[in-house]
Amino acid sequence: MSEANQLAIPAFEPPTLPVADSNALFPVRRVFCVGRNYAAHAREMGADPNAEPPFFFMKPATAVQHHGRVAYPNRTEDYHHEVELVVALSSGGRDIPVVAALDRVYGYGVGLDLTRRDIQTALKKAGKSWEMGKCADQSAPVSAITPVATCGHPERGTIQLSVNDKVVQRGDLADMILDVPHIIAELSTWFELMPGDLIFTGTPEGVGPLSRGDHLLAEVSGVARLELELV
Ligand code: MN
């Protein structure tokens with residue numbers, strides 16, 4: 001390598017998530033999210049799940065974090081919780097067949113797709129893009145990743161969020177409109193998926209506002225658990 005190949009500024013590490021019961025870290029490359037993947041949530045957002053299929057958006061990898069404290073961001077008065085099953089990919093590809101999709105999964109976690117709902121709603125109304133509503137710093141907290149070897153591929157089971165010990169969201173993974181294999185297959189027609197990609201698979205009904213000081217406990221039964229404090 002010649003002098004000319006040196007980095008102009010120091011390189012930075014990818015964000016990482018712990019792997020459950022291990023010293024290993026899972027490096028995060030990109031964060032894909034599924035919108036309106038549970039019919040009851042689509043309806044609470046004023047959409048018709050029969051007329052509009054689920055869709056995709058992204059968050060920056062730097063929004064991912066795991067240290068138990070999440071800062072309430074500025075530029076919102078209505079920061080919403082969305083509890084979601086998170087898929088972590090160990091490999092990728094383009095145009096992945098549904099039947100081969102689960103081979104790409106390293107493991108699963110539970111995460112929160114935290115959303116500046118007031119901003120998102122205003123941007124939607126104005127026909128503008130969603131990023132400022134969806135991409136706040138620390139807006140994608142995720143649990144430790146449980147490897148497939150430990151938890152298998154969860155197809156059903158409770159997904160739940162409690163705020164200050166009160167259950168506010170409760171759903172079943174079986175109610176996802178696009179299941180995990182179909183999400184991976186569909187996403188891989190838009191992007192070449194890669195190792196380290198995370199996919200937030202959508203939230204069940206019951207989204208709502210959070211306040212500073214709230215204590216959150218997100219769980220996917222038999223898969224993962226995430227506890228955090230909004231500060
Ligand atoms: Mn979401």
Side-chain angles (χ1 to χ4, degrees), residues 1-20 22-35 55-77 79-82 84 86-94 96 104-120 122-123 126 128-147 183-184 187-201 210 212 216 218 224 226-231:
M1 198 195 288
S2 73
E3 293 284 319
N5 294 122
Q6 287 182 3
L7 295 170
I9 61 169
F12 26 82
E13 301 289 326
T16 57
L17 291 169
V19 172
S22 156
N23 293 324
L25 296 173
F26 183 89
V28 177
R29 189 186 297 261
R30 294 175 295 184
V31 180
F32 298 101
C33 302
V34 186
F55 55 92
F56 301 108
F57 62 94
M58 296 181 73
K59 289 187 177 227
T62 49
V64 172
Q65 62 97 316
H66 180 74
H67 46 65
R69 287 159 74 87
V70 165
Y72 195 103
N74 49 17
R75 308 293 296 251
T76 184
E77 300 300 325
Y79 203 39
H80 272 209
H81 52 78
E82 297 189 1
E84 311 200 3
V86 177
V87 182
L89 299 188
S90 54
S91 64
R94 287 194 182 91
I96 299 168
R104 270 69 175 185
V105 179
Y106 174 79
Y108 296 88
V110 62
L112 291 164
D113 168 15
L114 298 172
T115 303
R116 288 173 172 127
R117 192 73 73 202
D118 45 356
I119 302 299
Q120 182 199 30
L123 290 169
K128 294 178 179 166
S129 73
W130 277 13
E131 279 92 351
M132 298 308 175
K134 281 292 186 180
C135 299
D137 293 339
Q138 305 188 349
S139 63
V142 181
S143 68
I145 300 297
T146 304
I183 290 169
I184 292 170
L187 250 188
S188 74
T189 68
W190 291 93
F191 300 95
E192 178 179 2
L193 296 179
M194 297 183 189
D197 287 343
L198 294 182
I199 307 170
F200 279 63
T201 57
L210 293 166
R212 288 175 185 82
L216 282 67
L226 171 69
E227 223 175 324
L228 50 88
E229 190 104 25
L230 200 61
V231 295

**Prompt:** Any side-chain heavy-atom pair from Ser143 and Val110 closer than 4.5 angstrom?
**Reply:** yes
**Euclidean distance, Asp118 CG relative to Thr76 OG1, rounded to 0.5 Å** = 3.5 Å
**Request:** Begin with the C-alpha distance, continue with both residues' side-chain angles, and end with the deciding distance and a verdict on side chain to side chain contact (heavy atoms under 4.5 Å, CB included) for Leu89 and Tyr106.
**Result:** CA-CA 5 Å; Leu89 299 188; Tyr106 174 79; over 6 Å; no
**Fill in**
The side chain to side chain donor-acceptor pair (under 3.5 Å) partners of Tyr79 (sequence neighbours excluded) come to none
**Message:** Side chains of Val19 and Leu25, heavy atoms from C-beta outward: is any pair under 4.5 Å?
**Reply:** no
**Item:** Any donor-acceptor N/O pair, Ser188 side chain to Ile96 backbone, under 3.5 Å
**Value:** yes
**Message:** Testing the basics here: between Pro27 and Pro14, what is the closest heavy-atom pair and its distance to 0.1 Å?
**Reply:** CB-CG, 4.1 Å
**Prompt:** For Ala122, what residues pass the side chain to side chain contact (heavy atoms under 4.5 Å, CB included) criterion, not counting sequence neighbours?
**Reply:** none
**Message:** Taking side-chain hydrogen bond (donor to acceptor under 3.5 Å, both in side chains) as the cut-off, I'd like each qualifying pair that reaches into residues 60-70, sequence neighbours left out, listed once.
**Reply:** none
**Asked** With Phe200, which of Ile183, Val34, Leu112, Val31 fulfils side chain to side chain contact (heavy atoms under 4.5 Å, CB included)?
**Response** Val31
**Item:** All side chain to side chain contact (heavy atoms under 4.5 Å, CB included) counterparts of Arg75, not counting sequence neighbours
**Value:** Arg116
**Fill in**
Interatomic distance, CD@Glu84 vs SG@Cys33, rounded to 0.5 Å, equals 6.5 Å
**Item:** Arg94: salt bridge (Lys or Arg N to Asp or Glu O under 4.0 Å) partners, not counting sequence neighbours
**Value:** Glu192
**Message:** Ile199 vs Val86, test: side chain to side chain contact (heavy atoms under 4.5 Å, CB included). Steps then yes/no.
**Reply:** CA-CA 5 Å; Ile199 307 170; Val86 177; over 6 Å; no
**Asked** Could you state the interatomic distance from CD1 (Ile145) to CG (Leu198), rounded to the nearest 0.5 Å?
**Response** 6.0 Å
**Asked** Which is it for Asp197 and Arg29 under the side chain to side chain contact (heavy atoms under 4.5 Å, CB included) test, yes or no, and what are the steps along the way?
**Response** CA-CA 5 Å; Asp197 287 343; Arg29 189 186 297 261; 3.5 Å; yes
**Request:** Answer whether the closest heavy-atom distance between the side chains of Tyr72 and Val231 falls below 4.5 Å.
**Result:** no
**Fill in**
Nearest heavy-atom contact between Leu193 and Ile184 is CD1-O, 3.7 Å
**Request:** State, yes or no, whether a side-chain contact exists between Val70 and Leu114 at a heavy-atom distance under 4.5 Å.
**Result:** yes
**Request:** Decide yes or no on side chain to side chain contact (heavy atoms under 4.5 Å, CB included) for Phe32 and Phe191, but give the supporting numbers first.
**Result:** CA-CA 10 Å; Phe32 298 101; Phe191 300 95; 3.5 Å; yes
Please table the atom pairs, donor to acceptor, closer than 3.5 Å between any side-chain atom in residues 129-141 and protein atoms at least two apart or in another chain.
unit_1	atom_1	unit_2	atom_2	d
Ser129	OG	Glu131	OE1	2.6
Lys134	NZ	Glu82	OE1	3.4
Lys134	NZ	Glu82	OE2	3.4
Lys134	NZ	Asp113	OD1	3.4
Lys134	NZ	Asp113	OD2	2.9
Lys134	NZ	Thr115	OG1	2.9
Gln138	OE1	Ala71	N	2.8
Ser139	OG	Lys59	NZ	3.2
Ser139	OG	Lys134	O	3.3
Ser139	OG	Ala136	O	2.6

